[in-house]
Amino acid sequence: MQQWFAEAEAARRVEDFSLEAAGLFLDFSKNRITFETFALLMKLAEEAGVTQRRDAMFAGEHINTTEDRAALHVALRALPDAPFKVDGASVMPGIADVLQRMRDFTARVHSGTWTGFDGQSITDIVNIGIGGSDLGPRMVCRALAHLADPQGPRMHFVSNVDGTELAETLVRLDPARTLVIVCSKTFTTLETMANACSMRDWFLRNGAAESQLARHFVAVSTNREAVVKFGIDPANMFEFWDWIGGRFSLWSSVGLSIALAVGFDAFEDLLRGGRAMDDHFRTAPLAQNMPVVMGMLGIWYRNFFGMPTSCMAPYSTSLELFPAFLQQLEMESNGKSVQLNGDPAHVDTAPVVWGTAGTNGQHAYFQMIHQGSQIVPVDFVAPLVPPRDLPGHHAKLLANCFAQAEALMRGRSAEELRAASVTDESRVPHMVFEGNRPSNTLLMEDLTPHVLGALIALYEHRTFVQGVVWNINSFDQWGVELGKILARPIERELTGQGTATHDASTAALIARARGVLGRG
Ligand code: F6P
């Protein structure tokens, strides 16, 4: 790369290896690719069937083969007259109906006409959910916090079954003015149901009568029966459908917390941004298709260089939860080692995804990214106009973002160090940066809901493209099941309600925990 950027036609490289779509600008020139590599990667995408599988997804085919379902999250952000169908029936009327109900409900909460058990308006909303029912809406609410009405309701997210999280949230809440969204596709998830039950007890202990709980609980789910069984009025249930995967669900009623936090208009703008990226993904030629290009660059590093991880570095505190969101999106989708037909995968699949908001990462792990023995491709993401700023801060932030990508690419040689008067020769090898380390830089003007929608959809489609090339099903998650099953008997043992057989290590851990828990 150092050589390519030293050549006279370097500006052409930047021009040819840049793309613009849906309000996002991608500079992918700082990658280890020649024009020939790039053409071959696009050929690989073509031969792997990216175009056909993309079209099958948009056509509502059951591309989630192991669960025999469509994966049609793109319909959620489509225009009302779009032709999306699942099993022959249009999904659009159902989507429009739920959106209208979300709009009405948001207006009632914001206007103060939705009241708690003693007639007061709502000041705090708690979204109880986990995984896709938490990470997406939590990340978006954080990213768009600058748009929230300071007088509007405060949003809280509780996901972990560790009682600490809920207990620490509850101390900040007034039960008479708190609304709970129980958000769960299945409405059976252990963590979510435990937290929802504890919240119900909290209301009952703090002034609400059983008959008044309907004022404090709404549900987001596909499972009406379980919602009713829990005691939530089905009139207060916001439906979604089994053809939406949890990690792709923030565009559905799972986004109710987003609408409540930043307003329904902003939520709709997020949907429009997602749609703009969908249109680009569906229509742009592969070599100008941002999700395809980014997906294939990921394949290049994962499979041709064997790089085991990739780093997401948003230079924006507002986007600080984006790496965590991406971890579920990429690692739950593509952390598989079996191909669609059940044969073992021949190649490595999802890399470990990690990262933190810049510049914090620079003072923690960037040492390793610059000089470590593993090469880590980095995605730098930055809004050019900050959501909020103080004089002088944003130029420093952006300068650091661009400088990191520059340093990774160009490095610093021993000769440069000596020329810069480093006289202690014993230090020189420690101070050399080999450079030639790859990164993408993704820029947006402002962090609007629209551009955030496009950014999320970009990474969704990038994940999909990689799944196609690896020939795996990106839409199931069987790998999360076994641990859940094994936890049930262990919980019974820990609470003295049973015994089971375990390996020696697990048995000893249970015995140790029981010893402490038994002390009361
Ligand atoms: O355990 C993994 C998972 O199934 C995720 O795929 C999902 O997003 C999360 O649990 C939560 O599931 P639910 O929305 O059904 O509570």
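Atoms within a ligand are numbered from 1 in the order they appear, just like the ligands themselves. What's counted below: heavy atoms across the whole structure, side chains too, no hydrogens, waters or symmetry copies.
In the vicinity of Gly132, heavy-atom distances shorter than 4.0 Å reach the ligand 1 atoms 7 (C), 8 (O). Of all the atoms in ligand 1, the ones that sit under 4.0 Å from a non-hydrogen atom of Thr189 are 12 (O), 13 (P), 15 (O), 16 (O). Interface of Gln328 with ligand 1, defined as ligand atoms under 4.0 Å from a residue heavy atom, comprises 5 (C), 6 (O), 8 (O). For ligand 1, the atoms sitting less than 4.0 Å from at least one non-hydrogen atom of Lys484 are 1 (O), 4 (O), numbered in the order shown with element in parentheses.
Applying side chain to side chain donor-acceptor pair (under 3.5 Å) to Glu493 and the options Arg514, Arg488, His502 leaves one that passes, His502.
Of the candidates Thr186, Ile130, Ile128, the one placing a heavy atom closest to atom 11 (C) of ligand 1 is Ile130.
Side-chain contact of His461 with Asn289: a donor-acceptor pair under 3.5 Å is absent, judged by distance alone. In the model, Gln477 has a side-chain atom that pairs as donor or acceptor with a side-chain atom of Arg247 under 3.5 Å.
Not a single heavy atom of Glu191 sits less than 4.0 Å from an atom of ligand 1.
In this structure, the ring of Phe203 has its center no less than 6.0 angstrom from the ring center of Phe117.
Among the atoms of Gly246, none of the N or O lies under 3.5 angstrom from an N or O of ligand 1. Looking at Ser184 next to ligand 1, an N or O pair under 3.5 Å apart turns up.
With hydrogens and angles disregarded, a donor-acceptor distance shorter than 3.5 Å links the side chain of Trp114 to the backbone of Arg215.
With a 6.0 Å radius and a threshold of 12 heavy atoms from other residues, nucleotides or ligands, Glu225 has its CD atom at or below the threshold.
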